[in-house]
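Worth saying up front: this structure is predicted, and the values here are computed from it rather than measured. In what follows, chains are A, B, ... by sequence order, proteins preceding strands, each numbered from 1.
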2 protein chains.
Amino acid sequence: MKKTKDDAELTKQAIVEAAKGLFSAKGYAATSMADICSAAGCSRGGLYHHFDSKEDLFIYLADQAFTVSWEQWGEVARDGMTATEQLYLYADYFVDTLQKPLNKAGEEFLSRIGPDSEAGQRFIGILQTYMQRFESLVRTGLERGEWKGDNPQELAMIILGYYSGLSDSIPMMDKADAKKLYRKATMLLLEGIKQ
Amino acid sequence: MKKTKDDAELTKQAIVEAAKGLFSAKGYAATSMADICSAAGCSRGGLYHHFDSKEDLFIYLADQAFTVSWEQWGEVARDGMTATEQLYLYADYFVDTLQKPLNKAGEEFLSRIGPDSEAGQRFIGILQTYMQRFESLVRTGLERGEWKGDNPQELAMIILGYYSGLSDSIPMMDKADAKKLYRKATMLLLEGIKQ
DNA sequence: ATTTAAACAGACCGATCAGTCGGTCTTAAA
DNA sequence: TTTAAGACCGACTGATCGGTCTGTTTAAAT
C-alpha cells in the first residue's frame, strides 16, 4: 500500500474536516467535490477512493459530527446536574461542534435527494437518533418538575429549532461571543421575556 | 405587443409565485430556471425577458415577499394593541407568507454570491429594512415595560432566529397547525419554561 | 394596411459538476 | 526480489445549468 493504513485514515479525516467546514459555510449544493479536494489537499480520484459519492460523504460526515457532539456532551454532563444545567451545557456544545449550520446543509441535502431515497432514509435515521437524545433531555426536565409543559416531543422540537435558528445571524461571531449569545438565549427561554 | 401590459404583468407574477414556492421548498441552488419555467408555464426565453438573471429574480421576489408581509401585518396591527398582541400577530403572518423557508434560501443565496457583490448588497439592504421593522416592534415592547431586557437589537435577532428555526421541522404541516405551533412557541418565549 | 416593438419561444453555448477509469507509486506480504 | 493490492492521481465523460441569440407572434400605433 502506498501509504500506511494510518496515513489513509488521516487523509480520510482531512477530507471529512474539509467537507464539514465547506458544507457548513456554503451549503451542500454550493460545495463541489473539487472544492473539498482543494481544501483537504488531495485529488478527486483520492477522494472517490474513500467515499463512493457526495451523498455518501455527507452522510458519513453528518453521522460522525452528530455522534461526536453527543459523546462530548455526555462526557461532561453528570446525572447530578439539573436539566437546566444540562441544557446550558448542550448550548455550549451546540456552538462548539459548529453543527449549527450543518443542520442547514442537512435540510438542503434532504430536500435535494428526497426523503424516500436510501440516502435520505439513512440521514433521517441519524437525525431521529439525535432528536431522541435531545428529547430525553427535555423529558428529564419535565419529569423532574423543572420545566413547565406536558409534550416533550413538541418542546424538544421548539428548543432545537430555537438553537438552530439562532445560528443564522451569527456566521461571523467568534465562538466566545456565540456562546454568550446562546447562554443569554437559553436564559430568555427559561425565564421568559414577559415582565 | 403580443400580450397586453396586464397580461405581461400576470406572467411576471406567475413566474414570481412559482419561483417563491420552489426556492422555499428546494433552496436557491437546487432550483433551476427550467424548474421555474415549468411551474410558471412559460419558456426560458420568456423568463429572461422579465428578469435579467437568477439573482435578479431572487432579489425581486425577496423584496416583494418581505415588503408584502409587513404591509399585511401593518393593515391589521393597531396602535392600541400591546406589543405582545402585535408579536402574536407577527407570528401568524410569518407563517402565512411562508417567508419562513425563504430565509433559508436567502442565506444560501447570500453565501453563494458573496455579501460584497452588488446583488449581495441589495439583498442585505432588504434584510436590514426588514430587521429594523421588527426591531422597532421589539423596542416598543421594551419601552412600554411589557418585556424584560435592554438590548432591542439582540432581542430582535434572537426572536427572529427563533421563528426562523421553528420552520425547520415543519415542512409538511398545514398552515393551521403551523400557526398553532407558532402561537405556542410565542407563549413559551413570553412566559418561559421554568417552573 | 403597414409598421413597430413588446412578449414570448426554443435552439444553442460555454462552464461546471459528479462520477469513472486507466494508470502510477509505495508498502507489505510471499 | 518479486508480487499483490491498497492509496492516490488526473484526464475524461455525460449531464445539467445559467445565460444568449435568433426568430415568431400579436396588439397597438400610424
Side-chain angles (χ1 to χ4, degrees), chain A residues 1-16 18-19 22-23 26-61 105 108-114 117-120 123, chain B residues 1-19 22-23 25-61 105 108-114 117-120 123:
Chain A
M1 318 158 188
K2 180 176 191 175
K3 303 282 183 63
T4 293
K5 281 260 181 191
D6 289 350
D7 285 341
E9 190 58 34
L10 230 61
T11 303
K12 187 169 182 176
Q13 276 307 312
I15 293 171
V16 168
L22 287 169
F23 281 139
K26 311 203 313 173
Y28 180 76
T31 300
S32 72
M33 296 299 255
D35 287 340
I36 297 171
C37 291
S38 300
C42 73
S43 69
R44 293 170 39 64
L47 197 162
Y48 277 97
H49 173 71
H50 289 287
F51 299 98
D52 288 341
S53 66
K54 194 179 182 182
E55 294 178 9
D56 193 48
L57 169 58
F58 187 81
I59 288 180
Y60 180 92
L61 163 170
E108 189 196 343
F109 173 73
L110 198 56
S111 80
R112 179 168 261 262
I113 66 170
S117 65
E118 199 226 313
F123 185 70
Chain B
M1 316 157 190
K2 179 176 191 178
K3 302 282 184 63
T4 293
K5 281 261 179 191
D6 288 351
D7 283 344
E9 190 58 34
L10 230 61
T11 304
K12 186 169 182 176
Q13 276 308 312
I15 293 171
V16 168
E17 287 305 314
L22 287 169
F23 282 140
K26 312 203 311 173
Y28 181 75
T31 299
S32 73
M33 295 300 255
D35 288 340
I36 297 171
C37 290
S38 300
C42 73
S43 69
R44 291 170 39 65
L47 196 162
Y48 276 97
H49 174 70
H50 288 287
F51 299 96
D52 288 342
S53 66
K54 194 180 182 183
E55 294 179 8
D56 193 48
L57 168 60
F58 187 81
I59 288 180
Y60 180 92
L61 164 170
E108 188 195 344
F109 173 72
L110 198 57
S111 80
R112 177 167 263 262
I113 66 169
S117 66
E118 199 226 314
F123 185 70

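- Residue His50(B) contributes atom NE2, which lies 7 Å from atom C1' of dA7(C) at whole-angstrom precision.
- Note that Lys54(A) lies in the cation-pi zone of Tyr28(A), set by a 6.0 Å cut-off to the ring centre and a 45° limit from the axis.
- To the nearest angstrom, C1' of dA7(D) lies 14 Å from CZ of Phe51(A).
- Rounded to whole Å, the distance from OH on Tyr48(B) to P on dA7(C) is 18 Å.
- Under 3.5 Å, the side chains of Asp35(A) and Ser32(A) contain a donor-acceptor pair of N or O atoms.
- Rounded to whole Å, atom C1' of dC8(C) lies 10 Å from atom CD1 of Ile15(B).
- Checking dC8(D), dG19(C), dA7(C) against every side-chain atom of His49(B), the shortest atom distance belongs to dA7(C).
- Proximity of Thr11(A) to the phosphate of dC8(D): a side-chain N or O atom is located under 4.0 Å from OP1 or OP2.
- The side chain of Met33(A) lies closest to dA18(C), out of dA18(C), dG18(D), dA6(C).
- Checking Gly46(B) against Tyr28(A), the closest nucleotide of DNA chain C that is more toward the 5' end is the one next to Gly46(B).
- Rounded to whole Å, atom P of dG19(C) lies 10 Å from atom CG of Asp56(A).
- Taking each heavy atom of Ala14(B) and Ala40(B) in turn, the nearest pair found is O-CB, 3.8 Å.
- No side-chain heavy atom of Leu47(B) sits less than 4.5 Å from a side-chain heavy atom of Arg44(B).
- Note: CG (Leu47(B)) to P (dA9(C)) measures 10 Å, nearest angstrom.
- Going from atom CZ of Arg44(B) over to atom C1' of dC21(D) covers 12 Å, rounded to whole Å.
- Rounded to an integer number of Å, the gap from Arg112(B) CZ to dC17(C) C1' is 11 Å.
- Side-chain contact between Tyr60(B) and His50(B): absent, with no pair of heavy atoms (C-beta onward) separated by less than 4.5 Å.
- Listed nucleotides: dC17(C), dA7(C), dC17(D). Nearest to the side chain of Ser32(B): dC17(D).
- The side chain of Lys54(A) has dG19(C) as its nearest neighbour among dC8(C), dG19(D), dG19(C).
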